[in-house]
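Take a look at the structure below.
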Amino acid sequence: MSTYFPKGEIARKWFVVDASGQTLGRLASRVARILAGKDNPQYTPFLDTGDHVIVVNADKVKMTGLKADSKTYYAYSGYPGGMKAEEYKKRMERKPELVVETAIKGMLPKNKLGRAMASKLKVYRGDKHPHAAQKPAELAAIAK
């Protein structure tokens, strides 16, 4: 059996996902699947065959259970005493795009390929985005 390679240029599509009222983890796993190209018939595990995804209304995403009260984001600078912690609710007020982006990036591979996949992700707080020229299609697979 030989290894499959997509012929020619990989045709990338653009999709818009409305995050309003959706659960963060379920939204993130579905978007990560599209960024990785797993829904594409040309999918190859070692190539970036995914599509571009625009997530709008990131400030309207929800969490189930008590996670909104207990979830904490950590950042460590590498220096002694360099640990920073921020609660989910504070981060959602300050920068909800970062919450959605972090959740999606966490579900992609942690290597060069994953970073290339993550570069095709655009997240916006409101319902407007500057990518109208790419003619993005509304993604029906992630409908509520």
Side-chain angles (χ1 to χ4, degrees), residues 3-79 82-144:
T3 304
Y4 171 75
F5 277 95
K7 303 278 189 284
E9 190 72 23
I10 297 166
R12 298 192 197 283
K13 294 178 233 143
W14 284 74
F15 295 107
V16 175
V17 177
D18 187 8
S20 58
Q22 296 206 40
T23 309
L24 179 63
R26 290 175 189 265
L27 171 77
S29 63
R30 291 177 186 141
V31 170
R33 188 172 173 81
I34 294 161
L35 289 171
K38 290 199 170 187
D39 294 337
N40 192 338
Q42 290 185 323
Y43 173 69
T44 310
F46 52 87
L47 293 176
D48 183 13
T49 58
D51 298 318
H52 295 268
V53 179
I54 303 163
V55 180
V56 293
N57 292 322
D59 55 342
K60 295 184 178 100
V61 77
K62 65 178 183 176
M63 282 263 211
T64 58
L66 300 173
K67 289 188 285 265
D69 299 324
S70 61
K71 186 162 179 63
T72 309
Y73 292 93
Y74 295 100
Y76 180 56
S77 68
Y79 289 96
M83 178 75 81
K84 293 178 190 168
E86 186 176 20
E87 295 171 4
Y88 169 78
K89 286 187 175 182
K90 285 187 180 178
R91 186 167 282 192
M92 274 302 281
E93 288 173 18
R94 186 176 65 87
K95 200 150 175 114
E97 308 93 7
L98 194 61
V99 171
V100 175
E101 197 173 306
T102 305
I104 294 169
K105 284 182 179 179
M107 296 185 183
L108 293 173
K110 277 62 169 184
N111 54 25
K112 264 192 213 179
L113 186 60
R115 289 188 292 277
M117 291 172 184
S119 70
K120 298 190 309 279
L121 173 68
K122 314 289 184 224
V123 184
Y124 298 99
R125 181 184 300 241
D127 59 349
K128 292 186 174 48
H129 61 83
H131 304 286
Q134 282 74 29
K135 298 184 182 92
E138 185 71 31
L139 199 59
I142 303 183
K144 292 174 217 98

What's the shortest heavy-atom distance between [X] and [Y], and which atoms?
{"X": "Ile10", "Y": "Asp48", "result": "CD1-O, 3.7 Å"}
{"X": "Arg125", "Y": "Glu93", "result": "NH1-O, 3.8 Å"}
{"X": "Ala58", "Y": "Val100", "result": "CB-CG2, 3.8 Å"}

Contact between [X] and [Y] at the side-chain level, heavy atoms closer than 4.5 Å - yes or no?
{"X": "Val17", "Y": "Val56", "value": "no"}
{"X": "His129", "Y": "Val16", "value": "yes"}
{"X": "Lys89", "Y": "Asp69", "value": "yes"}
{"X": "Lys135", "Y": "Lys13", "value": "no"}

Distance-only, no hydrogens or angles: does the [X] side chain make a donor-acceptor pair with backbone N or O of [Y] under 3.5 Å?
{"X": "Ser29", "Y": "Leu27", "answer": "no"}
{"X": "Arg91", "Y": "Tyr73", "answer": "no"}
{"X": "Asn40", "Y": "Thr49", "answer": "yes"}

**Prompt:** Between Arg33 and Asp39, is there a salt bridge with N-O shorter than 4.0 Å?
**Reply:**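 So Asp39 pairs with Arg33 through a salt bridge.
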**Prompt:** Going by an N to O cut-off under 4.0 Å, is there a salt bridge joining Asp18 and Lys60?
**Reply:**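 Answer for the salt bridge query: no.
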Show me, pair by pair, the donor-acceptor contacts under 3.5 angstrom made by side chains of residues 105-113, not counting sequence neighbours?
unit_1 : atom_1 : unit_2 : atom_2 : d
Lys105 : NZ     : Glu101 : OE2    : 3.1
Lys110 : NZ     : Gly106 : O      : 2.6
Lys110 : NZ     : Leu108 : O      : 3.3
Asn111 : OD1    : Leu113 : N      : 3.1
Asn111 : OD1    : Gly114 : N      : 3.0

**Request:** Could you go through the salt bridge (charged side-chain N to carboxylate O under 4.0 Å, His left out) check for Lys120 and Asp51 one step at a time?
**Result:** CA-CA 7 Å; Lys120 298 190 309 279; Asp51 298 318; over 6 Å; no
**Asked** Can the ring centroids of His131 and Phe15 be said to lie less than 6.0 angstrom from one another?
**Response**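 No.
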**Request:** Compute both the distance and the angle, then confirm whether Lys7 meets the cation-pi test with Phe5: under 6.0 Å from the six-membered ring centre, within 45 degrees of the axis.
**Result:**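 Ring-cation test returns no.
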**Asked** Will you find, in the side chains of Lys67 and Ser70, an N or O donor that is under 3.5 Å from an N or O acceptor?
**Response**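 No, no side-chain donor-acceptor contact under 3.5 Å.
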